[in-house]
Amino acid sequence: MTTTIAILGTGLMGAKAAKRLLSLGNIVRCWNRTVEKSDRLAELGAVPCATPAEAVHGVQVVVLFLADAAAIRSVLLEDESVRLKLKDKTVLQMGTIGPKESEALAVDIIAAGGSYVEAPVLGSQPEAEKGTLLVMVGAEADPRDPASPHHGTVWPLLRALGQEPNIHYIGPVGTGAAVKLALNQLIASLTVGFSTSLGLVQRSGADVDKFMSILRASALYAPTYDKKLQKMLDRDYGAAKFPTKHLLKDVRLFETEAAAAGLDTRLLAALKGVVQDTVDRGLANTDYSAVFDAVAYPAPGGEQQSAAAKQ
Ligand code: NAP
């Protein structure tokens, strides 16, 4: 079954999601603040629109791949020409935002006559393009249930972008966002933790290959270490699939949620400092493995600058 969709936000993830949904025969209207990014999707069969209001006109589902909750509010709710068009439409929010932010959006979208499903994802551009994202759904009911009001509209889209058994109904709106943030906290802590150990191994003069062999054979290993190792050794982090600036956003969001939940946030404050330092070095748009620079070369500038920051 094909669906008429608007995608608002055709950055790194939104563009790949658009490509995947188009390849399955859906009608995709798209809008992006920087118009070149939505215009270039015309060659794949999308309908680029000059405004968000034009993009949402006549669609069943409005898919969001915008950076954060502030961007969503300004695009969807603060512009009356868009808000008034949300009546009887479903907003499918797929970016990473905080649980409270997601709950507040649901309230305002329902007040505008629409309905709301959160479905943040784990995985990056290749997974979006192949339709193999891990999806965490927060909604009034599981959209895979034929009795759900979103079964006919949202479920085919989730199945296009993610694959069973990796589309998980978590619970009411907010719970999907919480699980997504919990996973992204691990992206930050595992990457900063690995960077710190790798830095010490290098400084000690021990052989990095031997360190990695022991790590791989241990219970401490995570595949992300090997994915990021060469970038760290070269200090050349490359174009981002998931940029450092969004990792900073997510660590901040997690810290806020953790504080509200009464958790100890000392580790989070330190993680935030490291990721902020990375962004301050001009590495906001590189792959987030650039946190290695902040950890292993703590004095900014001069000869210690990485290849990426010099570009
Ligand atoms: P991105 O390329 O930076 O895209 C962000 C999008 O938001 C762009 O379309 C950008 O427009 C738009 N935007 C930002 N601020 C705006 C504003 N004030 N008004 C209107 N539009 C605004 O990032 P992305 O990687 O696609 O990420 C999108 C969301 O998915 C984020 O929440 C991110 O955390 C999440 N996510 C990303 C990945 C990944 O691997 N990349 C994976 C899972 C989840 P411009 O193009 O004009 O800047």
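Order of listing sets the numbers, starting from 1, for every ligand and every atom in it. Residue numbers run from 1 in the order of the sequence given. No experiment lies behind these values; they were computed from the predicted model shown.
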**Study point:** D287 with K228: basic N within carboxylate O range, under 4.0 Å
**Key:** yes
Point to revise | R144 bridged to E164 by N-O distance under 4.0 Å | key: yes
Review point. Should the pair D226-R216 be classified as a salt bridge under the 4.0 Å nitrogen-to-oxygen rule?
Key: yes
Practice item. Would you check whether D68 has a nitrogen or oxygen atom less than 3.5 angstrom from a nitrogen or oxygen atom of ligand 1? Key: no
Exercise for review: Specify the protein heavy atom at minimum distance from atom 43 (C) of ligand 1: its residue, its atom name, and the distance to 0.1 Å.
Suggested key: V121 O, 3.4 Å
Exercise for review: Could you list which atoms of ligand 1 come closer than 4.0 Å to a heavy atom of G123?
Suggested key: 40 (O), 42 (C), 43 (C)
Exercise for review: Mark up the atoms of ligand 1 that fall under 4.0 Å of a heavy atom belonging to G95, in ascending order.
Suggested key: 29 (C), 30 (O), 32 (O)
Practice item. Check whether any side-chain N or O of S74 sits under 3.5 Å from a backbone N or O of A71 as a donor-acceptor pair, and report yes or no. Key: yes
Review point. Is the backbone of S124 close enough, under 3.5 Å, to the side chain of E127 for a donor and an acceptor to pair up by distance?
Key: yes
Review point. Does P243, backbone or side chain, put an N or O under 3.5 Å from an N or O of ligand 1?
Key: no
Review point. Under 3.5 Å, N or O to N or O, is A71 touching ligand 1 that way?
Key: no
**Study point:** Heavy atoms from other residues, nucleotides or ligands near NE2 of H57 exceed 12 (cutoff 6.0 Å)
**Key:** no
Point to revise | Option set L12, L8, I187, criterion heavy-atom distance to atom 25 (O) of ligand 1, minimum | key: L12
Practice item. State whether the side chain of N184 and the backbone N or O of I187 hold a donor-acceptor pair below 3.5 Å, judged by distance alone. Key: no
Review point. Do ligand 1 and R33 have nitrogen or oxygen atoms that lie under 3.5 Å from each other?
Key: yes
Review point. Got the closest protein heavy atom to atom 31 (C) of ligand 1, with its distance?
Key: A67 O, 3.5 Å
Practice item. Answer yes when E257 and K100 have at least one side-chain N-carboxylate O distance shorter than 4.0 Å, and no when they do not. Key: yes
Study note, to complete from the structure: Quick note on ligand 1: atoms under 4.0 Å from a heavy atom of L66 include exactly 7 (O), 12 (C), 21 (N), 28 (C), 29 (C), 31 (C), 32 (O)
Check your understanding: Which residue and non-hydrogen atom of the protein lie closest to atom 34 (O) of ligand 1, and at what distance in Å?
Key -> K249 NZ, 2.8 Å
Practice item. Using a strict 4.0 Å cut-off to heavy atoms of G11, name the atoms of ligand 1 that fall inside it. Key: 2 (O), 4 (O), 9 (O), 26 (O)
Check your understanding: Under 3.5 Å, side chain of S148 to main-chain N/O of H150, donor-acceptor pair present?
Key -> yes
Practice item. Would you mind telling me which of V91, N32, V62 makes a side-chain contact (heavy atoms from CB on, under 4.5 Å) with L8? Key: V62
Practice item. Kindly indicate, with the supporting measurements, whether the criterion salt bridge (Lys or Arg N to Asp or Glu O under 4.0 Å) is fulfilled by K180 and D250. Key: CA-CA 9 Å; K180 168 60 183 166; D250 296 346; 5.6 Å; no
Check your understanding: Hey, does N32 come in under 3.5 Å of ligand 1, counting only N/O atoms on both sides?
Key -> yes
Review point. So is A15 in contact with ligand 1, going by heavy-atom distances below 4.0 Å?
Key: no
Study note, to complete from the structure: Atoms of ligand 1 under 4.0 Å from any heavy atom of T10, numbered from 1 in the order shown, are 9 (O)
Study note, to complete from the structure: Quick note on ligand 1: atoms under 4.0 Å from a heavy atom of G9 include exactly 9 (O)
Check your understanding: Of the choices M13, H246, K37, Q93, which has the non-hydrogen atom that lies closest to atom 3 (O) of ligand 1?
Key -> H246
Exercise for review: May I ask you to check whether T96 has an N/O atom sitting below 3.5 Å from an N/O atom of ligand 1?
Suggested key: yes
Review point. Which of the atoms in ligand 1, numbered in the order shown and given with their element, are less than 4.0 Å from a heavy-atom of V75?
Key: 20 (C)
Exercise for review: Look at the side-chain heavy atoms of Ile, Leu, Val, Met, Phe, Trp and Tyr, link any pair under 4.5 Å apart, and say whether V63 and V56 land in one connected group.
Suggested key: no
Practice item. Counting heavy atoms only, name the option from F242, F65, Y288 that's nearest to atom 6 (C) of ligand 1. Key: F65
Exercise for review: For atom 41 (N) of ligand 1, find the nearest protein heavy atom and state the residue, atom name and distance (0.1 Å precision).
Suggested key: K241 O, 2.7 Å
Check your understanding: In terms of residue, atom name and distance, what is the protein heavy atom nearest to atom 40 (O) of ligand 1?
Key -> S124 OG, 2.5 Å
Check your understanding: Taking everything shown except R159 itself, do over 12 heavy atoms lie less than 6.0 Å from its CZ?
Key -> no
Review point. Does even one non-hydrogen atom of M94 get within less than 4.0 Å of ligand 1?
Key: no
Review point. If you count the atoms of ligand 1 from 1 in the order shown, which ones are under 4.0 Å from a heavy atom of T34?
Key: 45 (P), 46 (O), 47 (O)
**Study point:** Residues forming a ring pair (Phe, Tyr, Trp, His ring centres under 6.0 Å) with F194, sequence neighbours excluded
**Key:** Y225
